[in-house]
Amino acid sequence: MDLSLMNKEQKKAIRTTEGPLLIMAGAGSGKTRVLTHRVAYLLGEKEVPARNILAITFTNKAAREMKDRVAALVSEGAENMWISTFHSMCVRILRSNINHLGYENSFSILDPTDQKSVVKDILKRRNLDIKQHNPRGIIGFISDKKNQLIRPEESIRDAAAYPDTLYSEIYHDYQQILYRNSALDFDDLIMLTIELFDKEPKVLEYYQNRFQYIHVDEYQDTNHAQYRLIRQLAAKYRNICVVGDSDQSIYKFRGADITNILNFEDDYPEAVVIKLEQNYRSSKNILDAANAVIKNNTERKPKALRTDRDGGPKLQNLVADSERGEAEEVVRNILDLSGKYSYSDMAILYRTNAQSRAIEDTLVKSNIPYKMVGGIKFYDRKEIKDLMSYLKVILNPNDDISFERIVNTPKRGLGPKTVDKLKAHGQNTGISIFEAIKESDFIGIPKTAVVKLMGLVDLLEKLQQKARFITITELVDEVLKTTGYMEMLEAEKTIESRSRIENLEEFKTVTSEFDRDNEISDDLLFTFLSDMALVSDQDGVEDDSGVTLMTMHASKGLEFKIVFIVGLEEGIFPSRRVAYDDKELEEERRLMYVALTRAEDQLFLSRANSRMIYGKTETNMQSRFLAEIPETLMDGGSSFEQNGFFTSNSRKKQAPKRSRVVTNNSGVSFSIGDKVEHKKFGDGIISAIKGEGDSQELDIIFTKVGVKRLLANFAPIEKKE
DNA sequence: CGGCAAAAAGGCATT
DNA sequence: CTTTTTGCCG
């Protein structure tokens, strides 16, 4: 195999095939190339059978790419290799073994909306106020527990105080409902696989023998459960290669545990550690900026990326008055560069999906093609969810959650009353709604409804029969026709119903693509549904031309010649809710680092002096991250508003520019960056101004008590100096 | 029971 | 501001 284009460390990483290996791979250090070559090396030079190799990637897209690249390097066998995400891997394992845990092998996978409806149901049944206990928070609680591998019983036992005691009870109910429905949420996929391995050593041993060489990419973003799963699998052969960069850990909010990578050498004392610090992606200015920013984090192992590329153009700093102006600035630069670069070389990155709107509008007006990653997902649309629910019920009739969705869609005269009765009966006797229907004659449901219910069951059972012999596309057509769903939409004749029909047509291009790659078998529908449940936001990106719009999170692992990072304002990025917590702030800074290092040739950093947020005009000072980039690397700083408060070490301090002046009762005017004294809270500095007139509010960071939002007119504050 | 309008709530990143 | 929920009326 030809490794002549690799540097010394890369070669070593490829050839170190036995025993634990930690590859600390900086951004753009060619880690994907190393990983693919390492796998190819195992296959080609070491003659390891493909079936003994496992590679875990962060997204399905990355998995597909890796598969293709390995296939290009070796003559045969690549298709027997497992290259997938944690979740897809677990689905495959559970599909053949979850019966050991009492679930049906044709289990359903819950999406977040389904989760929410389960929790709401529980709250309702317990007569709890939805306003006091917001389902989102409870789902987060449950998710945390599962990522920590804490079972409901344990959670109840260990809960120290309210509301943990209550939420643990809800977790218990939740898990029981899922079990009865043979439904799994995303976290269950991992947790139950571990439980399966604990309970059935033979099954674990089978997979240990199968996966003798294990690779995990983006190891810094694994959570505790994923960590444990890998430990189980690797325990026998200990050929475990993990790749990651602690500076790019950005998923703490969903349980990622950075200590997994930091403590790898403790877990595997014999581990070989290789650092890849040569960057092949970015120009020197970009890399210097990224290094300068990440240097401000205290919780990290020192590391500095090198590049042989020259300085390249300086980073461009764009400042506008509003979010609309910001979008126009970005578009102007896109047009400027469109001669030299194609649109697909460019990406616009933002902190939150809500920021995309102004940019989208401006792109549309300027006739610039673009594609958006994430945001309102195609699969979240009502008609797609309805159709998916039909398919889920066909596969798993015990899935009450999906059944409830479709029982009266299209309208069949089966309203909430009837459904409640069925549910109550099901809960009392421990059967699913689907089964309860068969007894509906006896539980006080009116004759007319019983007839309709029987018709529905009959319809679904017929579809179930057919499903085994036809493609997914044919099944979709069959569902839309026999259930009357399409008829309902066609009868509506509104603009909305037309667009729904179009979306369903588009969905069929997805199914026909799937049908092209998959044979008809008993597994077909299950595979389709679990594939759909696990599609990641990045998965749809590969196609055609156009500027890419996405969150900085979604940009991980990607690269673009030109990158725009927008909304570099305190309160936006770093986000307001983390801005004064050191740990979380460091995670935001890592996110900035990830965003910066996506760029190859040129980087634009933009912000708006004020912008509309939730219907109010907010005025925020520039992001501290901007101030962390040395001025010498940046252009366009003339209108660059500076503020000494957050600037790091050597930065020159200037008087803050007054972006807005307001007056309070006593005739004192405030502007961003002003130092103030509050009667109770003491000294502070104004970080943001929101709204107008009497309702104008100030965000003030107080030295003693942190950030407070106060009314400019009434707060007992005085300007200092 | 179903449809629409008014009211209320939510508002960070995601497999 | 947008999306979801509630409540009322036909």
Side-chain angles (χ1 to χ4, degrees), chain A residues 56-63 84-91 109-113 115-117 120 124 130-131 134-137 139-140 143 146-147 184-190 218 221-223 225-226 249-256 323 349-358 373-377 379-380 382 408-419 446 448-449 452 488 492 494 530-539 550-556 567 571-579 584 587-588 590-592 594-595 611-618 691:
Chain A
I56 295 174
T57 57
F58 200 68
T59 62
N60 293 299
K61 185 191 171 206
S84 69
T85 62
F86 270 105
H87 293 89
S88 310
M89 172 181 78
C90 290
V91 167
I109 299 172
L110 254 56
D111 69 26
T113 321
Q115 284 181 282
K116 206 167 140 192
S117 69
K120 276 188 179 167
K124 211 188 263 169
I130 207 157
K131 280 157 204 135
N134 113 306
R136 235 184 107 111
I139 290 168
S143 178
K146 290 184 175 180
N147 288 335
L184 276 65
D185 63 25
F186 287 130
D187 302 311
D188 280 337
L189 295 174
I190 315 283
E218 307 284 8
D221 278 325
T222 50
N223 61 35
Q226 292 166 336
S249 165
I250 53 173
Y251 282 102
K252 197 171 167 214
F253 69 88
R254 68 174 206 216
E323 74 269 26
L349 309 182
Y350 34 78
R351 180 64 178 80
T352 66
N353 281 309
Q355 288 169 257
S356 70
R357 198 171 201 124
V373 181
I376 323 122
K377 278 177 223 137
Y379 303 101
D380 277 348
K382 185 183 182 300
N408 204 27
T409 316
K411 303 278 177 291
R412 301 188 173 89
L414 298 169
K417 282 245 172 74
T418 308
V419 177
T448 47
K452 285 168 187 160
M488 167 189 83
E492 250 185 73
T494 58
S530 52
D531 276 11
M532 287 300 109
L534 298 176
V535 286
S536 78
D537 274 345
Q538 272 193 18
D539 287 341
M550 63 183 142
T551 63
M552 297 180 219
H553 279 93
S555 77
K556 187 164 85 156
I572 306 284
F573 185 43
S575 153
R576 181 168 188 274
R577 44 203 295 174
V578 311
E584 301 210 58
E587 173 136 325
E588 292 283 288
R590 289 195 291 272
L591 186 58
M592 177 69 172
V594 168
R611 69 173 68 231
M612 282 277 263
I613 290 172
Y614 309 131
K616 277 186 175 172
T617 307
E618 286 201 8

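Every chain is numbered from 1, with letters handed out A, B, ... down the list of sequences. All values below come from the heavy atoms of this structure, side chains included, with hydrogens, waters and symmetry mates left out.
- A straight line from CG of A:Asn147 to C1' of B:dT14 spans 12 Å, rounded to a whole angstrom.
- Taking only side-chain atoms of A:Asn408, from C-beta outward, the nucleotide of B:dA13, B:dG2, B:dG11 with the closest atom is B:dG2.
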Side chain to side chain contact (heavy atoms under 4.5 Å, CB included) evaluation trace for A:Met552 with A:Arg351: CA-CA 6 Å; A:Met552 297 180 219; A:Arg351 180 64 178 80; 4.2 Å; yes
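- Applying the side chain to side chain contact (heavy atoms under 4.5 Å, CB included) rule to A:Ser530 yields the partners A:Val91, A:Ile109, A:Phe526; only residues at least two apart in sequence or on another chain are considered.
- One atom, NZ of A:Lys252, and another, P of B:dC12, lie 18 Å apart when rounded to the nearest Å.
- Under 4.0 angstrom from either OP1 or OP2 of B:dA13 there lies no side-chain N or O belonging to A:Arg577.
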Check against side chain to side chain contact (heavy atoms under 4.5 Å, CB included), A:Arg254 and A:Ser143: CA-CA 8 Å; A:Arg254 68 174 206 216; A:Ser143 178; over 6 Å; no
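- When rounded to the nearest whole Å, the span between CG of A:Asp185 and C1' of B:dT14 equals 14 Å.
- Note on A:Thr551: a side-chain N or O is less than 4.0 Å away from OP1 or OP2 of B:dT14.
- Here B:dA8 presents its P atom at 19 Å from CG of A:Asn134, a figure rounded to the nearest Å.
- One atom, NZ of A:Lys116, and another, P of B:dG10, lie 8 Å apart when rounded to the nearest Å.
- Judged by distance alone, the side chain of A:Asn408 and the main-chain N or O of A:Leu414 form a donor-acceptor pair under 3.5 Å.
- In this structure, CD1 of A:Ile572 is placed 11 Å from C1' of B:dC12, rounded to the nearest angstrom.
- Residue-level contact check: A:Tyr251 touches the backbone only, with heavy atoms under 4.0 Å from sugar-phosphate atoms and none from bases.
- Set against B:dC12, B:dC1, B:dT15, the side chain of A:Tyr614 has B:dC12 as its closest nucleotide.
- A:Arg590 places a side-chain N or O within donor-acceptor distance of the main-chain N or O of A:Ser249, the cut-off being under 3.5 Å.
- Residue A:Lys120 is classed as a sugar-phosphate contact, given heavy-atom separations below 4.0 Å to backbone atoms only.
- Under the 3.5 Å distance criterion, the side-chain polar atoms of A:Gln115 are left unmatched by any main-chain donor or acceptor of A:Ile139.
- Separation of the P atoms belonging to B:dG11 and C:dT6 is 16 Å when rounded to the nearest angstrom.
- Closest to the side chain of A:Met612, out of B:dT14, B:dT15, C:dC1, is C:dC1.
- The side chain of A:Lys417 lies closest to B:dC1 when the candidates are B:dC1, B:dG3, B:dG11.
- Judged by distance alone, with hydrogens and angles left aside, the side-chain atoms of A:Asp221 form a donor-acceptor pair with the main-chain N or O of A:Ile250 at under 3.5 Å.
- Among the nucleotides B:dT15, B:dA13, B:dC12, the one closest to any side-chain atom of A:Phe186 is B:dT15.
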Secondary structure string for DNA chain B (Watson-Crick or G-U under 3.5 angstrom, | for other-strand pairs): ||||||||||.....
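- Residue A:Arg254 has no polar side-chain atom (N or O) positioned under 4.0 Å from OP1 or OP2 of B:dA13.
- Note: CG (A:Asn353) to P (C:dT3) measures 13 Å, nearest angstrom.
- Nearer the 5' end of DNA chain B, as judged by each residue's closest nucleotide, is the contact made by A:Lys411, out of A:Gln226 and A:Lys411.
- Legend: residues meeting ring pair (Phe, Tyr, Trp, His ring centres under 6.0 Å) with A:Phe253, ordered by chain and number and at least two apart, are A:Tyr251, A:His553.
- In this structure, A:Asn60 places its CG atom 9 Å from P of B:dT15, rounding to the nearest Å.
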